[in-house]
Colleague: 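Before I ask anything, here is the structure I am working with.
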Amino acid sequence: MRLSKLFGKTQREVPAEAETDSHQLLLRAGMIHQVAAGVYSYLPLGWRALKKIAAIIRDEMDKAGGQELTMPVLQPLELWQATGRDKAFGKGLFTLSDRRERKLALGPTHEEVVTELVKYNVQSYRDLPLLLYQIQNKFRDEPRPRGGLIRVREFLMKDLYSFDVDEAGLDKNYAIMLQSYQNIYDRCGLPAIVVEADSGAIGGKDSHEFMVVVESGEDEIIYCQGCHYAANAEKAVSVKEKIDNGKPLPVEEVATPGAGSIEEVANFLKVPQSHTLKAVFYIADGKLAFVVIRGDLGVNEIKLNNQLKASELRMATEDEVIEAGIVAGAASPVGIKGFTVIADDSVNSGTNFVAGANKPETHLKNVNYPRDFKADIVADIAQARPGDKCPECGGELAATRGIEVGHVFKLGTFLSEKLGALFIDEKGVSKPIVMGCYGIGLDRLLAAAIERHHDEKGVIWPLTLAPYQVYLCPLYKEGSRVEEVAEKLYAELEEAGFEVLFDDRQESPGVKFNDADLLGIPLRLTVSPRTLDKNSVELKKRSEKEAQLLPLEGIAKRLKALISD
Ligand SMILES: [Zn+2]
């Protein structure tokens, strides 16, 4: 490709709207263009890189036994209503009506459609197992599209679905997919770690995410320094230390003038915050939820909502709390009526807690669960934090940040049961098909690759993802020998199968080198009167500082050898 003809311009200025390095570089290198919030066009350079990712994924899915097909973006909303996942996705689901007022959804994922498809094509255990996949655009109405390609509303996704006769089959395919995913990230030059994940709106039991560790990542990862435990903070668990406060004593009311927050109450009564219970208030689909948790712990909203299953959950405002008749600053689950009370299981981690008295500036000592109050739900809804103890080995937990580049789920049978996707087993018994699903967002993988591989000058593409492998950069005046040699080299390298970006522009060396660095093509070949005096060309790898001279003769062979190293 001749750079003078390439569609898309490089930009020296850092675009003001770009929040992350990958966003800035994608815009500056002319790889993407924003159409609307979280909606992008790909220009040729960006699209070439994205197609490389797609080819790697396709290859690994095929090797794992996957069969590629394609399903529609437009899906009847009824299918989503049949599984109840229209509610689970909530406002994230794009919906529309056709001219006959029939409701449709733009697919955020394809479990429903593929399960229907399999239902009509699988009858017997002999038709299973099956691995079906597609690479196709998905739509999610993100509340806050951000970070360029990190969180978008229309994106390219590879989604594979596994269908098995039993759990053992699912486990086997799940393990195969975990390995295939590792292969994909390795081939993309992206070290990704596997973490336990919340299964969210997709549903199912086991779920893992693949994370690329980068500071700008939007996900917090909690991991153990002593063992392999790692989980998304949304899901991470830690050990809640037992609080030994002796045998349960009778409840005692104490005045706590001026003390409202847990910190103030603990200080006033001279007890650690871990000896208190605090009340926190949320609005779940318009209804107030009364949440109780040990004073030193924080509520994890994802875990909380896994209990409440609301399509919208947020903290209640002070006004909403007061309006509900709750005594702010001294709210207590003891004696409270008319609310759904959700307690973190830390209410069971000790005795004789301090809690509110539902009276202004008054608290209760020696509150014990379940003697003094009953919760409608008791579950782990606490945030695991760095410094906490590991649930597996007791070691110390730490935190880092990452970008999620893949998510896999053991769905089990809840979708096949709801949609009636059954098969007849060896004994003639009808059973629901056991399912798994496995997604990779390609746009996000591209962004993660740039987040991991760049410097202040631009992108540093891994060879496998680079839109072009060679940046041919002659420094010449028209009609010189440099031009002649460069044209010959261009033809020779293309002939040898290289993807070459030929900077045939009449620009200064400074401009050309800056663009070469910005675009991040792995191998830069410079031809100049100086190199030709030595009958050679200069090779500089984008990932290295030093350049070297290579003899002109047999350059294609030499480059091939370099690439295969
Ligand atoms: Zn551990």
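As the structure lists them, so they are numbered: ligands from 1, and atoms in each ligand from 1. Throughout, residue positions are numbered sequentially from 1 according to the sequence presented. When reading the values below, keep in mind they use all heavy atoms of this one structure, side chains included, and skip hydrogens, waters and symmetry mates.
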Colleague: Enumerate the residue pairs fulfilling salt bridge (Lys or Arg N to Asp or Glu O under 4.0 Å) with a member in residues 434-447, sequence neighbours excluded, ordered by first and then second residue.
Modeller: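 Checked against salt bridge (Lys or Arg N to Asp or Glu O under 4.0 Å) - neighbours excluded - the pairs reaching residues 434-447 are Glu218-Arg444.
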Colleague: Kindly say whether the aromatic ring centers of Phe281 and Phe290 come within a distance under 6.0 Å.
Modeller: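 Yes, the ring of Phe281 comes within the 6.0 Å limit of the ring of Phe290, centre to centre.
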Colleague: Working note: Glu312 + Lys91, criterion salt bridge (Lys or Arg N to Asp or Glu O under 4.0 Å); need CA distance, chi angles, decisive distance, verdict.
Modeller: CA-CA 9 Å; Glu312 242 186 314; Lys91 290 187 173 161; 3.7 Å; yes
Colleague: Identify, with sequence neighbours excluded, every residue that meets ring pair (Phe, Tyr, Trp, His ring centres under 6.0 Å) alongside Tyr174.
Modeller: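 Partners of Tyr174 by the ring pair (Phe, Tyr, Trp, His ring centres under 6.0 Å) criterion, ordered by chain and then number, come out as His208.
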Colleague: Less than 2.8 Å from the Zn ion (ligand 1) is the window; count the protein N, O or S atoms in it.
Modeller: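 Excluding waters, the total comes to 4.
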Colleague: Kindly give the heavy-atom pair with the smallest separation between Ala64 and Met177, and that separation in Å.
Modeller: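 Shortest heavy-atom contact: CB-CE, 3.8 Å.
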Colleague: Using the side-chain contact (heavy atoms from CB on, under 4.5 Å) criterion, which residues pair with Ala55? Sequence neighbours excluded.
Modeller: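 Scan of Ala55 (side-chain contact (heavy atoms from CB on, under 4.5 Å), adjacent residues dropped) gives none.
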